[in-house]
Amino acid sequence: MYKKLLISMAILLATICSFTICMANNGLQDVANGVRDVVGGAENAIEDAGKSISNASKDATGRMEQGANNMGNAVMNGITNATNDMRTTTTNPNNYTATRTATTADNTFMGMNATAWTWLIMGIAAIAIVALVWYYSMQVRSSDYNGRD
């Protein structure tokens, strides 16, 4: 009887263990598939977020580039318009002629222009300086001679 009990317990234990292993194996496959699904979903979410960020960055860069191009074109058009306006103004649209009034060809005084007068005054000043230096040097000499008498 003791042997029958031992054998029946062994068979019962083997049967329970075999079913448990099968259930655990199925459960592990389900868990593994669940983990794969979660990881795949997270991977897809991260990939979609990265694509969204990349597209937003590309759109922002494109808008900035378009804005810079528009600004450059506006500046170029402004310069072109200003240049055309200057050309129109300088090509005498109303037959306007300007005459210089400040500088004329006959800017003379007693027949000499400003350059001739400048040289004449500098020459007279140089002669006066030389004459004064000679005059004062002669006075020192004469006072020395007068003091010796």
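Just so it is clear, the model here is predicted, and its values are computed rather than measured.
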Hey, what do you get for CD (Glu65) to NZ (Lys58), rounding to the nearest 0.5 Å? 13.5 Å
Quick one: which of Leu120, Ile121, Ile127 gives a side chain to side chain contact (heavy atoms under 4.5 Å, CB included) with Ile124? Leu120
Separation of Gln66 CD from Asp59 CG (nearest 0.5 Å): 11.0 Å
Taking Thr80 for the side chain and Met76 for the main chain, is one N or O donor matched with an acceptor at less than 3.5 Å? yes
Mind checking the CD-OG spacing from Glu47 to Ser52? Nearest 0.5 Å is all I need. 10.5 Å
Just by modelled atom types, is the Ile53 backbone N or O under 3.5 Å from a matching donor or acceptor in the Ser57 side chain? no
For Trp119, does the CH2 atom have more than 12 heavy-atom neighbours from other residues, nucleotides or ligands under 6.0 Å away? no
